[in-house]
Amino acid sequence: MKFLIAFVALFAVVAHLNAAPVQEAQILRSESDVGPENFNYAFETSDGTAAQAQGQLNNVGTENEAISVKGSFTFVGDDGVQYTVNYIADENGFQPQGAHLPVA
């Protein structure tokens with residue numbers, strides 16, 4: 001019975017993938033600047049995907065050396081809605097914020 005359920009689920013996924021033609025996204029913009037102690041990048045594609053981030057190495061040369069990053073990314077979900085996530089990533093971990101994300 002478990003095999004039958006797994007087979008039916010796999011068949012449904014394959015049928016869905018074959019039903020929707022996949023279009024390759026074109027790169028509209030791509031920028032980057034990478035240095036030894038910082039970086040910046042940004043990109044945008046024709047399918048509505050975009051991202052940008054800036055990173056900085058803090059406490060250079062010490063045992064507390066760590067990178068902090070601030071950025072955002074945008075994508076179009078399967079429901080056709082555009083989602084944006086703004087984030088900070090540093091010694092306190094990854095801290096995302098977005099209108100669609102739950103708040104503690």
Side-chain angles (χ1 to χ4, degrees):
M1 183 66 173
K2 290 181 183 177
F3 175 76
L4 179 62
I5 292 171
F7 179 76
V8 170
L10 180 61
F11 180 78
V13 169
V14 171
H16 173 73
L17 291 176
N18 288 335
V22 176
Q23 294 181 338
E24 290 188 28
Q26 303 300 313
I27 298 171
L28 303 177
R29 180 174 65 108
S30 178
E31 302 169 4
S32 66
D33 180 21
V34 179
E37 296 179 7
N38 57 39
F39 72 87
N40 292 294
Y41 77 83
F43 71 84
E44 183 179 353
T45 63
S46 60
D47 66 356
T49 301
Q52 64 83 29
Q54 305 85 38
Q56 177 70 40
L57 188 59
N58 299 320
N59 304 314
V60 178
T62 71
E63 67 179 40
N64 295 325
E65 187 172 271
I67 191 165
S68 62
V69 180
K70 183 176 182 180
S72 67
F73 57 91
T74 300
F75 63 96
V76 177
D78 291 339
D79 55 3
V81 175
Q82 188 175 48
Y83 296 96
T84 298
V85 176
N86 298 302
Y87 65 88
I88 296 173
D90 57 17
E91 65 275 1
N92 297 315
F94 181 69
Q95 304 157 55
Q97 294 182 340
H100 63 290
L101 297 176
V103 177

Heavy-atom count check: over 12 atoms from other residues, nucleotides or ligands less than 6.0 Å from Gln97 CD? no
Linking I/L/V/M/F/W/Y whenever their side-chain heavy atoms sit closer than 4.5 Å, directly or via other members, would Val69 and Phe43 fall into one cluster? yes
State, without any angle test, whether Gln95 and Asp90 hold a side-chain donor-acceptor pair at a distance under 3.5 Å. yes
Taken to the nearest 0.5 Å, the spacing of Gln56 CD from Gln54 CD works out to 10.5 Å
Between the CD1 atom in Ile27 and the OG1 atom in Thr49, the distance rounded to the nearest 0.5 Å is 11.0 Å
d(Ile67 CD1, Leu57 CG) to nearest 0.5 Å is 6.5 Å
Check your understanding: Within the distance-only criterion (no hydrogens, no angle test), does the side chain of Asn64 pair as donor or acceptor with the backbone N or O of Asn59 below 3.5 angstrom?
Key -> no
- Message: Checking side-chain polar atoms at under 3.5 Å, does Glu91 have a donor or acceptor matched by the opposite partner on Ser68?
- Response: no
Closest heavy-atom pair, Gln82 versus Gly48, reported as atoms and distance to 0.1 Å, is NE2-O, 3.8 Å
Over 60° means perpendicular and under 30° means parallel, so classify the ring planes of Phe73 and Tyr87, tilted if in between.
-> tilted
*asked:* Does any part of the side chain of Val85, heavy atoms only, come nearer than 4.5 Å to the side chain of Tyr83, both counted from C-beta?
replied: no
query = Above 12 or not: heavy atoms from other molecules or residues under 6.0 Å from CG of Asp78?
reply = no
ILVMFWY cluster, Tyr41 and Phe94 together (side-chain gap under 4.5 Å): yes
Taking every heavy atom of Thr84 against every heavy atom of Thr74, the minimum-distance pair comes out as OG1-OG1, 3.0 Å
